[in-house]
Amino acid sequence: MARIRVLPPEVARKIAAGEVIERPASVVKELVENSLDATSHYIWVELWDGGRRRIVVTDDGEGMEPEDARLALLRHATSKIFDERDLFAIKTLGFRGEALAAISAVSRLTITTRPKEGPGTRVWVEGGNIKESLQVGAPQGTRVEVEDLFFNLPARKKFLKGAQTELTHCMEVVLRMALAYPEVGFYLKHNGRFLLRLPPTRDLRVRLGAVMGKEALPSLLEVRGENEGRVVEGWISKPTFVRANPKGIYLYVNGRYVRDRLLSHALLEAYRGMIPKGSYPVAVLFLRVPPEEVDVNVHPTKTEVRFRKADSVYHLVAEALRGALSRPLIGPAPSAEARAEVREGGAGYLQATPVCETGGLGLEEPRWRPLGQVLGTYIIAEGNGGLLIVDQHAAHERIIYEGLRKKEGNYTSQRLLVPLIIDLRREDFQILTEHIEELVSSGLHLEPFGEQTLAVKAVPSFLRTHEIRGFLEELAQELSAGSKGEAREKIWALMACKGAVKANTPLSREEMERLLRDLSSVSHPHTCPHGRPVFIELDRKELERRFGR
Ligand SMILES: Nc1ncnc2c1ncn2[C@@H]1O[C@H](COP(=O)(O)OP(=O)(O)O)[C@@H](O)[C@H]1O
Ligand SMILES: [Mg+2]
């Protein structure tokens with residue numbers, strides 16, 4: 001029995017209409033989506049001339065009965081929805097019944113298909129008109145050949161880019177889908193040569209390695225979160241592994257690749273203060289929500305969605321990302337009492353560090369044991385099944401920064417017996433007085449003292465008084481460069497930088513231990529506030545790899 005029906009006009013009208021076929025990659029996307037909807041296990045994509053001359057997509061899916069093979073080519077003919085209600089609970093990638101009609105209208109198209117039972121069918125279409133259809137022998141599945149895209153629309157054809165560019169777009173489309181369906185095998189050939197061979201796998205990491213390169217794998221953190229039937233999962237890069245563009249970001253909603261503002265905002269927000277400006281993490285995130293909670297019918301190419309419970313979705317994703325990025329460097333967090341006790345103790349200059357309130361120092365032996373310092377700058381430590389090389393300045397910067405951030409608005413400081421009087425350039429004085437409130441709440445108490453002079457009455461414990469002038473001058477520079485909203489963060493980052501132990505400073509064993517312990521309690525140990533790496537970890541695997549064991 002035929003399954004495809006032409007949608008009634010009142011449903012068809014409610015479908016976000018639009019020209020979906022712009023270039024070979026759009027054809028590849030629609031055909032591969034159809035193959036996935038037909039529950040295929042293997043999908044082969046063959047391209048000639050970047051897809052401009054010929055595109056063939058073959059699958060081993062359900063196939064179609066003879067009548068369906070012809071119906072499939074009509075506009076609004078689909079087996080995936082029946083009436084308006086179905087539009088609100090889409091479980092398939094396609095649903096508009098437009099793609100095959102749209103492709104066949106602008107190319108010479110041949111479908112060869114056979115369902116599990118029954119005969120095979122071949123249909124030839126040219127510029128939207130069925131030329132011929134025949135019963136043929138064929139393997140189970142569907143093969144769609146699209147030749148001479150835009151042969152009847154010379155203006156559109158002229159707009160296509162060179163073969164290499166079109167090929168790149170086609171590959172990107174296939175990779176996006178390959179990441180979302182690791183259990184499906186994807187193969188791509190160009191002009192007869194294999195460019196992609198992605199055998200089916202149950203393990204997403206295997207697929208990730210194949211798509212992103214194996215070297216990315218050690219830099220990935222697992223993400224997982226769940227609330228009220230919504231699930232987010234996937235992998236994101238450690239803040240030390242970034243790219244200069246957002247091309248390594250892949251977001252999916254219910255198996256569909258999307259470009260979604262809400263999700264990308266949650267992602268970039270999670271990395272704020274951890275990676276340098278203008279850089280982007282690598283991320284593959286899958287969000288699954290009940291189909292009725294998401295409207296995929298808002299954009300012709302279906303790459304945009306609308307969430308009915310946007311706040312809950314944002315919250316779920318943001319929390320899961322925070323969880324992944326703040327997984328402690330060392331062991332589980334200890335109990336509250338344990339933390340309280342440890343905070344009392346400590347010795348050495350590092351005691352002045354405003355250790356943050358959450359996370360744990362741990363009463364148990366620290367798992368990272370300092371072995372020594374090299375070049376007066378790096379701490380070498382052993383533990384957690386490997387070796388750690390820590391940049392002492394970057395680590396201390398991160399610790400101070402998070403301490404300031406946690407105590408936002410009530411940072412205690414040391415009162416100076418005699419106020420420190422600092423003369424400044426007029427512009428610097430001007431901008432600093434505008435931010436007195438933020439400076440005071442970060443522990444630096446200032447008051448105007450004449451036309452371009454400030455009196456410093458109290459300083460945060462980790463700032464040395466002879467550094468205050470340099471700090472204020474640099475801060476004035478940075479504040480004048482940016483927007484007001486970021487002032488606090490700039491103050492914290494610069495205070496942290498000034499207050500942190502410098503390179504070329506010998507440290508005692510206790511100081512090193514203290515630094516490692518404090519580092520283990522911060523929520524984002526991987527990078528300093530400017531986004532530089534804090535440590536390099538060489539685990540057993542990595543050491544064995546390097547020594548060829
Ligand atoms: N590879 C395929 N395998 C099985 N059936 C297919 C395949 N491609 C298309 N079809 C059938 O043709 C119909 C129309 O496809 P299409 O024009 O892409 O619309 P949609 O995917 O939105 O339903 C689909 O609903 C499906 O029943
Ligand atoms: Mg489709």
Side-chain angles (χ1 to χ4, degrees), residues 1-8 11-12 14-21 25-46 55-84 86-87 89-107 109-123 125 128 130 133 138-146 173-174 177 181 184-187 254-257 291 296-303:
M1 199 196 80
R3 300 186 308 145
I4 299 183
R5 306 199 205 163
V6 176
L7 290 173
V11 181
K14 297 215 164 69
I15 279 175
E19 202 44 83
V20 289
I21 304 306
S26 349
V27 174
V28 172
K29 170 178 181 279
E30 295 295 339
L31 296 182
V32 173
E33 282 189 356
N34 280 345
S35 297
L36 288 168
D37 280 343
T39 55
S40 307
H41 301 288
Y42 289 90
I43 300 173
W44 295 268
V45 178
E46 293 163 85
I55 299 167
V56 181
V57 174
T58 310
D59 67 51
D60 65 345
E62 287 161 1
M64 285 177 269
E65 297 185 5
E67 194 187 333
D68 280 348
R70 288 181 288 269
L71 272 174
L73 294 154
L74 299 179
R75 237 184 131 218
H76 299 308
T78 180
S79 55
K80 300 170 194 176
I81 65 171
F82 289 107
D83 59 34
E84 209 178 314
D86 296 340
L87 267 181
I90 304 280
K91 295 190 189 75
T92 45
L93 293 169
F95 58 86
R96 298 195 175 124
E98 285 191 314
L100 285 180
I103 299 168
S104 69
V106 294
S107 67
L109 182 144
T110 311
I111 299 185
T112 309
T113 185
R114 186 174 71 78
K116 193 156 180 220
E117 271 153 40
T121 312
R122 180 168 296 160
V123 186
V125 201
I130 296 188
S133 90
Q140 186 195 326
T142 302
R143 176 181 176 90
V144 180
E145 306 182 45
V146 175
V173 158
V174 173
M177 289 191 270
Y181 294 85
V184 176
F186 286 85
Y187 301 86
N254 292 352
R256 184 188 304 277
Y257 172 87
V296 292
N297 187 30
V298 290
H299 191 262
T301 61
K302 298 173 283 188
T303 47

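We number each residue from 1, following the sequence as shown. Excluded from the calculations below are hydrogen atoms, water molecules and symmetry mates; all remaining heavy atoms, backbone and side chain alike, are included. Note that ligands are numbered from 1 as they come in the structure, with each ligand's atoms numbered from 1 the same way. Worth saying up front: this structure is predicted, and the values here are computed from it rather than measured.
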Please tabulate, one line per pair, the protein nitrogen or oxygen atoms found under 3.5 angstrom from a nitrogen or oxygen of ligand 1, with distances to 0.1 Å, or say none if there are no such pairs.
unit_1, atom_1, unit_2, atom_2, d
ligand 1, 1 (N), Asp59, OD2, 2.9
ligand 1, 3 (N), Thr142, OG1, 3.2
ligand 1, 8 (N), Asn34, ND2, 3.4
ligand 1, 17 (O), Ala99, N, 3.2
ligand 1, 17 (O), Leu100, N, 2.9
ligand 1, 18 (O), Asn34, OD1, 2.9
ligand 1, 18 (O), Asn34, ND2, 2.8
ligand 1, 19 (O), Gly97, N, 3.3
ligand 1, 21 (O), Asn34, OD1, 2.9
ligand 1, 21 (O), Lys80, NZ, 2.7
ligand 1, 22 (O), Phe95, N, 2.9
ligand 1, 22 (O), Arg96, N, 2.9
ligand 1, 22 (O), Gly97, N, 2.7
ligand 1, 23 (O), Thr78, OG1, 2.6
ligand 1, 25 (O), Thr78, OG1, 3.3
ligand 1, 25 (O), Ser79, N, 3.0
ligand 1, 25 (O), Ser79, OG, 3.2
ligand 1, 27 (O), Ser79, OG, 2.5

Closest contact, heavy atoms only, [X] versus [Y]:
X: Phe95; Y: Asn297; answer: CE1-OD1, 3.9 Å
X: Ser40; Y: Val184; answer: O-CG2, 3.6 Å
X: Ala99; Y: Glu30; answer: CB-OE1, 3.3 Å

Criterion side chain to side chain contact (heavy atoms under 4.5 Å, CB included) against Arg143, the qualifying member of Ile111, Thr58, Thr110: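 One option only clears the test, and that one is Thr58.
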
Donor-acceptor under 3.5 Å (Arg3 side chain, Ser79 main chain):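 The answer is no, because no donor-acceptor pair under 3.5 Å joins these two groups.
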
Asp37 side chain vs Gly94 backbone, donor-acceptor pair below 3.5 Å: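 Such a contact is found between Asp37 side chain and Gly94 backbone.
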
Residue pair Leu100, Leu31: steps toward the side chain to side chain contact (heavy atoms under 4.5 Å, CB included) verdict: CA-CA 8 Å; Leu100 285 180; Leu31 296 182; 3.8 Å; yes

The Mg ion (ligand 2): protein N, O or S atoms [distance under 2.8 Å]: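 Less than 2.8 Å away from the Mg ion (ligand 2) sit Asn34 OD1.
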
ring-ring contact (aromatic ring centres under 6.0 Å, His included) partners of Tyr42, counting only residues at least two apart: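 Tyr42 satisfies ring-ring contact (aromatic ring centres under 6.0 Å, His included) with Trp44 once adjacent residues are dropped.
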
ring-ring contact (aromatic ring centres under 6.0 Å, His included) against Tyr181, all qualifying residues, sequence neighbours excluded: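 With neighbours one apart ignored, the set is empty.
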
